Enquirer: 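Can you read through this structure? Questions will come right after.
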Amino acid sequence: MSHLIRVNQAGYAPGLPQRVVVLADGPVRLTDSTGAELRLLEVPALKPDAASGENVSSLELGIAVPGVYHLEAAGEKQTLVVRADPWREVTNALIKGLYFQRCGCGLAAVHAGAYAHPACHTAAAADWENPGVLRRIPGGWHDAGDYGKYTGPGAVAAGHLLYAWKLFAPGCSDELNIPESGSGVPDILNEARFELEWLLQMQRADGAFHHKLTKARFAPFIMPEDDTAPEYLMPVSHCATAAASACLALAARIYREFDGPFSARMLESALRGWDWLQGHPEFVPFRNPEGVSTGWYGDRSDGDERFWAACELFSATGEGRFRQAAEELYASGRNLTSFGWADVSGMGALCCLFDLEEKAGDILYDRLKADFLVQCREALRLSRESGYGTALAPEHYGWGSILPILSNAMALIMSSLLTGEEVPRDAALLQWHYALGMNALDKCFVTGFGENRVLFPHHRPSGADGVAEPVPGLISGGPNKNFPYASTREKLGGDVPPARYYLDETPSADTNEVAVYWNSPAVFVGAYFNMLTRAASGNR
Ligand SMILES: [Zn+2]
């Protein structure tokens with residue numbers, strides 16, 4: 001049963017907008033935890049929301065005093081919490097969700113609780129193209145609901161964490177009870193390093209990076225340690241090589257203060273990746289080899305990955321050849337508000353606008369900043385047109401709709417940081433509210449959180465571990481009307497509106513899978529709002 005009032009189920013912060021969405025006419029009664037009426041709120045006229053098919057309105061609560069509150073409308077009561085630091089736990093859980101994806105090692109009960117399991121995928125993998133060549137490549141995160149490990153998506157996910165730490169350290173530097181906790185390095189960087197160490201091993205001797213390390217086909221719903229079918233190092237690809245080079249050049253700068261040799265190793269690897277790309281200018285799209293049906297992660301171009309790599313390498317080395325390459329790649333046009341694995345141009349924008357800054361020069365700073373701010377207007381427009389403030393057009397609810405929504409949140413945050421304006425910040429907050437329950441499904445999309453929570457994500461360990469609650473801290477891809485499975489269409493039919501095209505059912509990878517590169521933009525957004533709320537409450 002969904003409520004007539006939709007709220008951020010993780011809570012609201014005093015001092016930041018507190019938007020709720022209402023589906024009922026008439027006044028809403030705001031009461032405190034004792035039931036005493038504080039205010040009667042007039043609801044602006046309900047209007048149709050195209051994505052959900054609902055008539056909705058929204059209210060700004062403006063509650064200054066932390067506490068538990070109730071909203072009552074049409075005889076129904078919704079509870080919400082206002083507190084000083086409402087998103088610390090969920091942001092920490094989203095980072096720790098990546099720990100639960102670790103491969104090649106066991107998860108000990110002291111860190112993983114009921115979700116502990118023995119080491120998985122520790123056998124040597126055969127090179128698909130040279131089956132006689134065996135390499136043992138432990139580590140990395142399981143990509144999503146499956147046990148594959150994919151270079152490009154992993155590099156982007158690690159990149160999101162690194163920028164979250166670089167820009168919003170006070171919002172994402174808590175200890176997370178992972179094996180490296182207490183090492184003197186923030187746990188978000190300890191966790192990212194687990195992926196970076198694996199990425200380094202995915203490089204071939206000539207500098208190219210293998211596209212992925214997976215089985216020939218997806219495992220059934222078994223625990224990772226029981227998934228013992230042979231693993232293969234799949235062929236190299238342009239996109240994987242450029243994305244890995246970009247991520248490693250970024251990481252080389254971030255880890256320099258913590259571990260010089262590790263930093264140097266990453267920069268050297270990034271440079272060798274770049275050299276391979278220079279020697280192989282012609283883009284060749286990756287295709288699954290005959291007999292392989294694990295994730296494809298195909299791409300139409302490597303221009304955006306090369307652009308990101310050139311920006312990060314320019315920042316890491318200061319060499320003009322990288323700036324020149326980045327400028328040339330920029331000239332062909334970039335979607336600067338895209339931060340997903342398919343289009344990483346936004347990652348290059350992050351580097352230019354918040355790392356290089358004026359050092360980037362006229363094109364990569366001044367012009368790029370102007371272009372970026374123009375592109376951000378689209379995210380703002382989408383948010384304004386939605387009854388929920390969700391920055392996604394009704395016709396774009398596809399597989400992993402959470403990604404464009406969080407990408408737009410990232411862009412809006414950057415826009416607010418660049419201009420000092422609160423309007424884009426507040427629109428970004430609506431995307432965070434969406435993820436945590438203020439949506440047409442009345443669903444908090446992060447496992448382990450919210451009154452109406454995701455219980456059956458498409459995630460093999462959650463399905464196979466015998467624990468009732470799914471592994472916590474994983475964000476679901478959410479509604480997908482554009483590419484649903486036939487089984488989903490059979491259950492939902494064609495009339496359910498896009499923002500409600502969702503099944504909280506384990507087989508529904510199309511609407512309820514999880515992925516490391518959906519967690520990571522949520523970490524970026526959560527870390528930013530954590531930083532704001534902690535600054536406001538004087539609480540680090
Ligand atoms: Zn594994």
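Whatever order the structure lists them in is the order used to number ligands and atoms, beginning at 1. If you're wondering where the values come from, they're calculated on a predicted model, not measured in any experiment.
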Enquirer: Measure up the W87 and F529 rings against each other and bin them: parallel (under 30°), tilted (30 to 60°), perpendicular (over 60°).
Expert: perpendicular

Enquirer: Using distance alone, with no hydrogens and no angle criterion, decide if H238 and D302 have a side-chain donor and acceptor under 3.5 Å apart.
Expert: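 No, no side-chain donor-acceptor pair sits under 3.5 Å.
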
Enquirer: Provide the atom name of the closest N, O or S atom of H121 relative to the Zn ion (ligand 1).
Expert: ND1

Enquirer: If I take the Zn ion (ligand 1) as the centre, what angle separates the SG atom of C103 from the SG atom of C120? Nearest 10 degrees is fine.
Expert: 120°

Enquirer: Answer yes when R453 and E469 have at least one side-chain N-carboxylate O distance shorter than 4.0 Å, and no when they do not.
Expert: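 Salt bridge present between R453 and E469.
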
Enquirer: Going by atom types alone, do S181 and E175 pair a side-chain donor with an acceptor below 3.5 Å?
Expert: no

Enquirer: Would you name the N/O/S atom of H142 that lies closest to the Zn ion (ligand 1)?
Expert: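 H142's closest N, O or S atom to the Zn ion (ligand 1) is named NE2.
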
